[in-house]
Protein chains: 2
Amino acid sequence: MKEEYRKLSKYTGGIYRCTQAYMSDILKPYGLSSASCPYLLALYHEDGVNQNQLSKELSVDKAMSARELKKLMDQGYVKKEVDKKDIRAYKLYLTEEGKSLVPDIRKEMINWNRTITRGLDEEEKDELMRMLDVVLIKAKQIRNLKKDEE
Amino acid sequence: MKEEYRKLSKYTGGIYRCTQAYMSDILKPYGLSSASCPYLLALYHEDGVNQNQLSKELSVDKAMSARELKKLMDQGYVKKEVDKKDIRAYKLYLTEEGKSLVPDIRKEMINWNRTITRGLDEEEKDELMRMLDVVLIKAKQIRNLKKDEE
DNA sequence: TAAATATAGTTGACTTATCAACCATATTGG
DNA sequence: CCAATATGGTTGATAAGTCAACTATATTTA
């Protein structure tokens with residue numbers, strides 16, 4: 001990786017921040033923020049998970065999830081159910097209203113991703129995703145390892 | 001990109017956040033934050049730039065740069081000089097103290113990047129960086145375009 | 001050259017995100 | 001079984017980052 005000592009985080013951070021800025025504009029008319037969007041998209045595909053699982057899936061702190069999910073519940077897009085097998089935990093679901101929002105948001109997200117990856121062919125995009133997946137898994141592993149040391 | 005509609009920002013965001021968390025621990029003994037680190041590394045390579053140029057290079061808002069650079073100046077790691085050709089602007093430099101910090105930080109950053117990219121061979125890493133570069137350039141373009149519309 | 005516009009930097013209000021401490025319940029191992 | 005430990009969720013404090021409004025100087029153009 002030669003001189004690329006700082007670039008990985010420059011790239012990931014930069015792309016992420018541009019994405020947030022863009023989506024934040026797109027989501028404003030829906031009364032949604034760029035931070036709440038990942039929750040809607042994730043719950044659309046995986047019902048009934050709890051906040052910790054969701055936080056890990058999205059690589060964010062569970063405190064963040066607690067607050068964002070509270071907003072989404074207040075807006076009526078997400079509902080919680082106590083998990084009968086573990087009364088500390090909630091099972092999370094989209095409401096009908098929440099579900100109806102997702103297709104549009106998803107389209108916008110696809111559109112943005114397609115736009116910023118013009119310049120790569122389909123095969124390269126697949127490669128990029130595969131490699132980012134490898135890197136993210138590793139990065140999360142180390143982060144969790146560090147937490148266990150404490 | 002099939003079903004990958006949300007994943008690019010999941011990956012970039014996730015990798016970025018893990019990196020921040022890791023570097024934040026590493027930098028604590030130096031009295032530095034993960035947010036100030038990019039400035040030290042960037043200035044080590046490119047002296048005499050101004051805050052706007054630096055902000056663009058790092059894909060952050062200039063307000064962020066103003067505040068982080070102020071901290072670094074208070075700590076004695078960065079100094080400003082009024083640009084004689086444009087008295088609105090400052091030219092930014094690392095102090096000797098600032099310069100002496102960089103090699104260690106850089107080593108840590110390289111080490112982290114090497115660790116999270118284990119699983120990719122050298123050729124793949126180069127490919128990854130090249131593709132992320134293409135994507136970031138595009139993402140920044142659109143972001144700037146949007147600003148001009150306003 | 002004067003007016004219009006653009007650019008550099010700062011600040012206040014706000015969003016996004018983390019960490020640490022905490023409560024309550026679950027799980028594990030003596 | 002029960003003590004120790006782990007896990008799910010919440011909250012307060014704080015860091016990271018954006019946006020919009022502003023001041024001051026530069027640049028463009030009519």
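Below, all heavy atoms of this structure are taken into account, side chains as well, without hydrogens, waters or symmetry copies. We name chains A, B, ... by the order of the sequence lines, and we start the count at 1 in each one.
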Next item on the list: Evaluate the criterion salt bridge (charged side-chain N to carboxylate O under 4.0 Å, His left out) for residue pair A:Arg88 and A:Asp86; output intermediate values, then yes/no.
Entry: CA-CA 5 Å; A:Arg88 296 169 307 175; A:Asp86 182 348; 2.8 Å; yes
Margin query: Measure CZ/A:Arg17 against P/C:dA17 and give the value in whole Å, please.
Written below: 11 Å
Next item on the list: Indicate, with a heavy-atom threshold strictly under 4.0 Å, whether A:Lys91 touches base, sugar-phosphate, or nothing.
Entry: nothing
Next item on the list: Using modelled atom types only, decide if a donor and an acceptor are shared between the side chain of A:Gln75 and the backbone of A:Gly31 within a distance under 3.5 Å.
Entry: yes
Note to self: Do the side chains of B:Lys70 and B:Asp74 get close enough for a salt bridge, i.e. N-O under 4.0 angstrom?
What the structure shows: yes
Check: Are any of B:Lys28's side-chain N or O atoms less than 4.0 Å away from OP1 or OP2 of C:dT18?
Finding: no
Notebook entry, point to check: Rounded to the Å, how far apart are B:Lys80 NZ and C:dA8 P?
Noted result: 14 Å
Checklist line | Rounded interatomic separation in angstrom, taking OH from B:Tyr22 and P from C:dT18 | finding: 18 Å
Next item on the list: Between C:dG9, C:dT16, D:dT18, spot the one nearest the side chain of B:Ala89, thanks.
Entry: C:dG9
Margin query: Side-chain N or O of A:Ser33 versus OP1/OP2 of C:dT16: is the shortest distance under 4.0 Å?
Written below: yes
Check: Between A:Glu68 and A:Ser33, what is the shortest heavy-atom contact and its length?
Finding: OE1-OG, 3.9 Å
Checklist line | Atom-pair distance (CG on A:Leu69; P on D:dT11), nearest Å | finding: 13 Å
Notebook entry, point to check: Given D:dA24, is OP1 or OP2 found less than 4.0 Å from the side-chain N or O atoms of B:Tyr90?
Noted result: no
Check: Considering heavy-atom distances to DNA chain D, does A:Arg88 or A:Ala21 have its closest nucleotide positioned more toward the 5' end?
Finding: A:Arg88
Checklist line | Side-chain N,O (B:Gln20) to OP1/OP2 (D:dG17) below 4.0 Å | finding: yes
Next item on the list: State which of D:dT25, C:dG9, C:dT10 makes the closest approach to the side chain of B:Ala66.
Entry: C:dT10
Item checked: Pairwise 5' ranking along DNA chain C for B:Lys70 and A:Lys62, keeping only the more 5' one -> B:Lys70
Checklist line | Minimum-distance nucleotide (side-chain atoms of A:Asn52 versus D:dG17, D:dG8, C:dC19) | finding: D:dG8
Check: Quick one: which of C:dT18, D:dG9, D:dA20 gets closest to the side chain of B:Ala63?
Finding: D:dA20
Notebook entry, point to check: Does B:Ser34 put a side-chain nitrogen or oxygen below 4.0 Å from OP1 or OP2 of D:dA16?
Noted result: yes
Margin query: Could you measure the distance from the NZ atom of A:Lys99 to the CG atom of A:Leu43? Nearest 0.5 Å is fine.
Written below: 10.5 Å
Margin query: Does A:Lys85 reach a base, just sugar-phosphate, or nothing at all? Heavy atoms under 4.0 Å.
Written below: nothing
Notebook entry, point to check: Does A:Arg67 get its side chain close enough to the base of D:dG9, under 3.5 Å, for a donor-acceptor pair?
Noted result: no
Next item on the list: Between B:Lys84 and A:Asp86, just flag the one whose closest nucleotide in DNA chain D comes earlier from the 5' side.
Entry: A:Asp86
Checklist line | Interatomic distance, A:Asn50 CG vs D:dG8 P [rounded to whole Å] | finding: 6 Å
Next item on the list: Can you figure out which of C:dA8, C:dT10, C:dT16 approaches the side chain of B:Gln51 most closely?
Entry: C:dT10
Item checked: Atom-pair distance (CG on A:Leu27; P on D:dT18), nearest Å -> 17 Å
Check: What is the distance from NZ of B:Lys10 to P of C:dA17, rounded to the nearest Å?
Finding: 15 Å
Next item on the list: Just call it for B:Ser55: base, sugar-phosphate, or nothing, with non-hydrogen atoms closer than 4.0 Å on any strand.
Entry: nothing
Note to self: It should be established whether B:Tyr16 places a side-chain nitrogen or oxygen under 4.0 Å from OP1 or OP2 of nucleotide C:dT18.
What the structure shows: no
Item checked: Whole-Å distance separating the NZ atom of A:Lys71 from the P atom of D:dG9 -> 18 Å
Next item on the list: Give the C-alpha distance, both sets of side-chain angles, the deciding distance and a yes or no for side-chain contact (heavy atoms from CB on, under 4.5 Å) between B:Leu41 and B:His45.
Entry: CA-CA 7 Å; B:Leu41 295 174; B:His45 288 279; 5.6 Å; no
